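Okay, so here's the structure we're looking at.
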2 protein chains.
Amino acid sequence: MTANDRGRGLGRAIRSEDRKAEIIQAAAEVIAERGYRGASLAAVAERVGLTQQGLLHYFPTKEALLIAVLDVRDQWDMASAALHGSAWPLEMIAGLVEYNATRRGVVQVFTVLAGDSVTEDHPASGYFKERYARVREWGARSLRSEYGDVLPGGLTPEQAAPLLVAVMDGLQTQWLHDPEAVDMPALFRDFVALLTAPRAADGTPGSA
Amino acid sequence: MTANDRGRGLGRAIRSEDRKAEIIQAAAEVIAERGYRGASLAAVAERVGLTQQGLLHYFPTKEALLIAVLDVRDQWDMASAALHGSAWPLEMIAGLVEYNATRRGVVQVFTVLAGDSVTEDHPASGYFKERYARVREWGARSLRSEYGDVLPGGLTPEQAAPLLVAVMDGLQTQWLHDPEAVDMPALFRDFVALLTAPRAADGTPGSA
DNA sequence: GTCTATAACAAGATAGAC
DNA sequence: GTCTATCTTGTTATAGAC
């Protein structure tokens with residue numbers, strides 16, 4: 001707390017965290033551009049004005065850096081809500097999709113890594129398996145708290161949640177390949193409409 | 001055409017095509033397991049009992065081999081139908097999803113490459129952009145020929161087609177990460193039900 | 001905390017023998 | 001048609017100076 005802490009103790013520690021955050025940000029960018037395997041430590045280092053060896057002072061291995069990227073990115077999206085257990089109304093999720101459409105980089109990291117990580121012995125494969133399970137559960141809980149045990153469209157929350165996640169992921173892939181041709185937020189809202197528009201009353205009881 | 005053409009001419013040419021097909025199959029496997037960047041020519045060559053240099057006799061570069069893999073795989077799925085313009089009823093598409101659930105390798109190549117190819121200067125990025133556009137168009141045409149200008153669920157074919165593709169892709173990703181937890185064919189049929197279940201008649205004209 | 005030097009590999013591709 | 005040998009480049013990671 002003294003004025004001459006510069007270069008030592010807490011002051012230095014905070015600076016170090018800043019540096020780490022900078023590196024994580026740069027790593028996310030490079031991974032988005034070239035995939036995990038294609039992202040070299042040297043390319044990341046260059047972006048923050050370090051050498052490859054200087055970077056390794058902050059993260060001992062490439063894998064450690066990837067984990068750090070994943071952990072930080074997690075705080076940005078649904079997974080964060082999922083982690084904290086707070087339910088989101090569908091309208092809020094649609095808002096997130098709208099926001100995502102303005103942040104290509106964020107979307108691209110996850111799309112690239114989600115694909116990458118189905119390969120053998122990928123360092124992020126466990127992460128994604130858990131993440132998907134967590135988000136599906138959270139989605140089902142959110143939908144149940146908004147609509148009860150059956151959505152207006154006729155599906156249960158447990159049926160709708162994985163579809164919701166699939167639509168988000170799948171639209172992102174198409175959107176990344178051709179943003180002009182794919183209006184991601186509008187299409188997501190079309191899907192929401194499908195989920196929430198009341199079905200016609202048929203012979204089955206329950207409409208009265 | 002003579003009997004002693006063995007080792008020359010047509011006989012040899014056919015053998016060479018067989019060898020190429022073998023290599024393409026092996027390449028698809030290795031790409032599924034390790035991604036495009038992680039797939040070394042040596043690993044592919046080993047699977048067909050060749051050296052890396054022997055393999056390069058058939059495909060001059062790694063990129064040429066990737067293109068060949070993509071071209072051949074295309075003949076296996078929807079893109080083939082899309083290419084030939086023939087419409088598929090939704091039930092048939094659901095059948096394809098069911099079939100896919102028995103062929104992990106086929107699914108995995110596309111999922112890995114679709115993610116991989118959103119990165120910069122990826123040799124397959126043009127391929128996927130075109131493929132998605134083609135499949136969306138074909139999907140819309142198929143849906144229109146089965147249901148007309150508005151599906152029972154209320155969406156137009158142009159709205160439903162990209163969602164259909166997104167659900168297929170997105171479910172594949174979740175299924176690859178955790179096949180036990182994700183019943184891909186059943187979930188796809190849930191989505192089909194959403195698309196095709198009649199909506200409740202509201203105040204809007206058109207129901208009479 | 002960041003650097004230079006370097007170890008230790010692994011990659012794709014070419015040249016040329018057989 | 002397939003091999004051995006080799007070039008060139010790029011990778012992660014370590015050792016140790018400053």
Side-chain angles (χ1 to χ4, degrees), chain A residues 4-24 26-27 30-31 33-69 116 119-124, chain B residues 4-24 26-27 29-31 33-69 112 116 119-124:
Chain A
N4 54 5
D5 258 341
R6 195 164 46 109
R8 275 196 168 246
L10 197 60
R12 194 56 135 199
I14 288 170
R15 282 262 167 73
S16 172
E17 287 310 304
D18 285 355
R19 204 86 167 105
K20 276 193 169 185
E22 243 189 294
I23 293 169
I24 289 169
V30 176
I31 290 171
E33 285 165 18
R34 340 221 330 209
Y36 173 63
R37 281 188 164 97
S40 74
L41 293 176
V44 177
E46 196 191 10
R47 260 178 225 226
V48 293
L50 278 178
T51 61
Q52 178 250 137
Q53 295 87 341
L55 186 150
L56 283 173
H57 174 72
Y58 295 94
F59 299 94
T61 65
K62 185 180 179 178
E63 196 172 321
L65 179 54
L66 174 66
I67 302 298
V69 167
D116 226 22
T119 59
E120 274 171 16
D121 302 324
H122 195 285
Chain B
N4 53 4
D5 259 341
R6 195 164 46 109
R8 274 192 171 252
L10 197 61
R12 194 53 137 200
I14 288 171
R15 281 263 168 74
S16 172
E17 286 311 302
D18 284 355
R19 204 84 167 104
K20 275 193 170 187
E22 241 189 295
I23 293 169
I24 289 170
E29 286 171 20
V30 175
I31 290 171
E33 284 166 19
R34 342 222 327 209
Y36 173 63
R37 282 187 163 99
S40 73
L41 293 176
V44 177
E46 197 191 9
R47 259 175 226 228
V48 294
L50 278 177
T51 61
Q52 180 247 136
Q53 296 87 339
L55 186 151
L56 284 173
H57 174 73
Y58 295 94
F59 299 94
T61 66
K62 186 180 178 177
E63 197 173 320
L65 179 54
L66 174 66
I67 301 298
V69 167
V112 167
D116 225 23
T119 59
E120 275 171 17
D121 303 323
H122 195 283

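A note on names: the letters A, B, ... follow the listed sequences, proteins ahead of strands, and every chain is numbered from 1. These numbers come from a predicted model, not from an experiment.
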Distance, rounded to the nearest Å, where [X] contributes [atom1] and [N] contributes [atom2]:
X	N	atom1	atom2	result
D18(A)	dG1(C)	CG	P	13 Å
F59(A)	dT12(D)	CZ	C1'	16 Å
R37(A)	dA10(C)	CZ	C1'	13 Å
L66(A)	dT12(D)	CG	P	12 Å
Y36(A)	dT11(D)	OH	C1'	12 Å
R34(B)	dA10(C)	CZ	P	11 Å
H57(A)	dT4(C)	NE2	C1'	16 Å

Contacts of type side-chain hydrogen bond (donor to acceptor under 3.5 Å, both in side chains), residue [X], not counting sequence neighbours:
X	value
E46(A)	none
Q52(A)	none
E29(B)	Q25(B), R47(B)

Sugar-phosphate, base or nothing in reach of A39(A), heavy atoms under 4.0 Å: sugar-phosphate
Any S40(B) side-chain nitrogen or oxygen under 4.0 Å from OP1 or OP2 of dA11(C): yes
All N/O contacts under 3.5 Å from nucleotides 13-17 of chain D to the protein, with atom names and distances to one decimal?
| unit_1 | atom_1 | unit_2 | atom_2 | d |
| --- | --- | --- | --- | --- |
| dA13(D) | OP2 | K62(A) | N | 3.0 |
| dA13(D) | N7 | Q52(A) | OE1 | 2.8 |
| dA13(D) | N6 | Q52(A) | NE2 | 3.2 |
| dA13(D) | N6 | Q53(A) | NE2 | 3.2 |

Gap in Å between the two P atoms, one belonging to dT8(D) and one to dA8(C), rounded: 22 Å
Just to verify, what does [X] make a side chain to side chain contact (heavy atoms under 4.5 Å, CB included) with, not counting sequence neighbours?
X	result
T51(B)	Q53(B)
E63(A)	Y36(A), T61(A), P123(A)
A124(B)	L66(B), L70(B), S117(B), H122(B), F128(B)
V112(B)	V118(A), T119(A), Q108(B)

Backbone N/O of A39(B) and side chain of K62(B): donor-acceptor pair under 3.5 Å: yes
Nucleotide-level pairing of DNA chain C, given in dot-bracket where Watson-Crick and G-U pairs need both distances under 3.5 Å and | marks other strands: ||||||||||.|||||||
Any V48(A) side-chain heavy atom under 4.5 Å of R19(A) side chain: yes
